[in-house]
A.B. asks: 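Below is a structure I'd like to ask you about.
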2 protein chains.
Amino acid sequence: VGTRDRILSSGAELFRRQGYAATGVKQIVEAASAPFGSVYHFFPGGKEQLAGEAIRQSGALYGLLLPAVFDAAPDPVSGVRAFFDGAAEHLQASDYADACPIATIALEVSSTSEPLRQACADVFGEWIDAGTARFEAAGLSPAPARDVTLAMLAGLEGAFVLARALRSPEPLHAAGAHAAEALRQALAEPVTAPATPRRRARGQ
Amino acid sequence: VGTRDRILSSGAELFRRQGYAATGVKQIVEAASAPFGSVYHFFPGGKEQLAGEAIRQSGALYGLLLPAVFDAAPDPVSGVRAFFDGAAEHLQASDYADACPIATIALEVSSTSEPLRQACADVFGEWIDAGTARFEAAGLSPAPARDVTLAMLAGLEGAFVLARALRSPEPLHAAGAHAAEALRQALAEPVTAPATPRRRARGQ
């Protein structure tokens with residue numbers, strides 16, 4: 001792994017655990033075992049540019065979890081449960097540190113850095129589009145597919161906030177159960193056509 | 001309003017909008033029109049003590065919204081909708097700055113400051129207990145009342161994250177509609193006794 005990539009992933013990890021403002025360039029280069037000046041060599045825009053790239057890169061990586069978890073599940077409702085359960089396990093295994101890679105920085109910068117807010121908005125937008133497409137493929141019409149995705153992602157992000165502060169997986173399990181039930185019901189409602197054949201669609 | 005209270009509310013507002021690490025004592029005293037030394041006079045523990053008190057105070061204030069909104073609503077399901085709609089309106093009116101008073105700081109400090117994590121956990125715990133009690137009073141058994149509350153609060157917190165980054169009320173409306181529907185169905189399920197008489201209970 002090259003120096004640039006090490007800086008990016010060290011930055012992403014620190015931003016996720018402690019936020020943007022608390023993370024200094026010095027701490028990032030130390031974690032990456034890189035010389036101080038290399039940050040400005042690879043990221044002439046300094047910490048803000050580095051953070052923008054870290055947001056986009058970790059957002060894309062985290063986005064890969066969606067197809068990975070859902071493709072392995074027998075049906076979309078089980079996929080939702082598996083996604084929340086996996087998030088809860090990973091959070092506990094990391095001593096309640098590793099939740100959403102971009103939520104901390106998103107809340108910090110939404111009112112103070114337009115380029116970083118836009119980077120977070122682009123990542124959330126990609127996740128929402130990916131979830132919507134997946135639930136459409138499972139049989140939902142576009143509007144309910146998007147609504148279910150938004151409510152589910154909101155439940156996940158908020159459960160991360162609560163679970164980290166409370167040091168408990170309970171909010172993730174509650175939010176996951178509700179999201180799975182909401183999806184189950186949405187899939188069970190015939191909207192434009194009988195949903196039954198599509199309900200069993202798998203893997204996309 | 002005394003100097004101590006002005007410092008507390010200025011600190012709370014800055015922590016909410018831009019987070020804990022980005023907010024310096026200097027910025028707080030300037031916003032509070034207070035002399036620099038007054039922070040250490042009133043808060044010998046400095047910024048961390050100030051933040052702990054700001055978290056508890058703004059958490060208690062925000063907690064007052066729950067009874068205010070629900071008491072004004074004709075039934076609990078309408079109360080949930082009104083709560084999310086009100087949050088969306090307030091967020092838009094503040095140019096997407098004023099969401100949850102403690103979520104930003106909660107994510108920042110959960111892995112780095114045990115006293116501040118505990119303050120956030122205490123506030124979330126009080127909100128969860130208050131919501132659970134209200135939904136029990138509306139007719140739910142304790143376990144589903146707590147689950148609905150957790151899922152609803154998670155949906156609210158996560159929708160705030162998404163709405164601030166996306167500069168759109170859409171996530172709050174989607175999460176609110178799902179939370180209202182989940183409560184409606186939970187109240188419609190007779191668990192230990194027919195729920196109908198209690199479903200119409202109002203105001204507590």
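In what follows, chains carry the letters A, B, and so on, assigned in the order in which the sequence lines appear, proteins first and then strands, with residues in each chain numbered from 1.
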A.B. asks: If we define contacts as heavy-atom pairs under 4.5 Å, which of A:I105, A:D95, A:L166 has the most with chain B?
C.D. replies: A:L166

A.B. asks: Side chain, backbone, both or neither: which part of A:R16 has an atom under 4.5 Å from a heavy atom of chain B?
C.D. replies: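 A:R16 has no heavy atom closer than 4.5 Å to chain B.
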
A.B. asks: Give a yes or no on whether the backbone of A:L107 and the side-chain of B:R164 come within a donor-acceptor separation of less than 3.5 Å.
C.D. replies: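 At least one qualifying donor-acceptor pair exists.
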
A.B. asks: Is there side-chain contact between B:E108 and A:E108, with at least one heavy-atom pair below 4.5 Å?
C.D. replies: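 When only atoms from C-beta onward are counted, A:E108 and B:E108 do touch, with a gap below 4.5 Å.
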
A.B. asks: Looking only at heavy atoms, what is the nearest atom pair of A:C120 and B:A165, with distance?
C.D. replies: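 A:C120 and B:A165 have their closest heavy atoms at CB-CB, 4.2 Å.
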
A.B. asks: Is there a side-chain contact between B:F160 and A:V161 (heavy atoms, below 4.5 Å)?
C.D. replies: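 SC-SC contact between B:F160 and A:V161 ruled out.
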
A.B. asks: Take a 6.0 Å sphere around CD of A:E89 and say whether it holds more than 12 heavy atoms from other residues, nucleotides or ligands.
C.D. replies: no

A.B. asks: So which of A:Q118, A:R17, A:E170 has the biggest tally of heavy-atom pairs under 4.5 Å with chain B?
C.D. replies: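 Of the candidates given, the most pairs with chain B belong to A:E170.
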
A.B. asks: Rounded to the nearest 0.5 Å, what separates atom CZ in B:R117 from atom OH in A:Y96?
C.D. replies: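 Reported value, rounded in 0.5 Å steps: 10.0 Å.
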
A.B. asks: For the candidates B:E181, B:R167, B:E157, which exhibits the highest count of non-hydrogen atom pairs separated by less than 4.5 Å from chain A?
C.D. replies: B:R167

A.B. asks: In terms of heavy-atom proximity below 4.5 Å to chain B, should A:Q185 be classed as side chain, backbone, both, or neither?
C.D. replies: side chain

A.B. asks: If you compare all heavy atoms of A:L162 against all heavy atoms of B:A154, which two are closest, and at what distance to 0.1 Å?
C.D. replies: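 The answer is CD1-N, 3.8 Å.
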
A.B. asks: Could you grab the distance from atom CG of B:L150 to atom NE2 of A:H173, nearest 0.5 Å is fine?
C.D. replies: 11.5 Å

A.B. asks: Which answer fits A:L153, side chain, backbone, both or neither, if we ask what part of it has an atom under 4.5 Å from a heavy atom of chain B?
C.D. replies: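 Both the backbone and the side chain of A:L153 come within 4.5 Å of chain B.
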
A.B. asks: Where on A:T104 is there a heavy atom nearer than 4.5 Å to chain B: the side chain, the backbone, both, or neither?
C.D. replies: both

A.B. asks: Picking from B:S111, B:G19, B:A175, which has the most non-hydrogen pairs under 4.5 angstrom with chain A?
C.D. replies: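 Top option by heavy-atom pairs under 4.5 Å: B:S111.
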
A.B. asks: Could you have a look at B:T112, B:I128, B:V148 and say which one has the most heavy-atom pairs with chain A under 4.5 angstrom?
C.D. replies: B:V148

A.B. asks: Heavy-atom cut-off 4.5 Å, strictly under: side chain, backbone, both or neither for A:V109 against chain B?
C.D. replies: neither

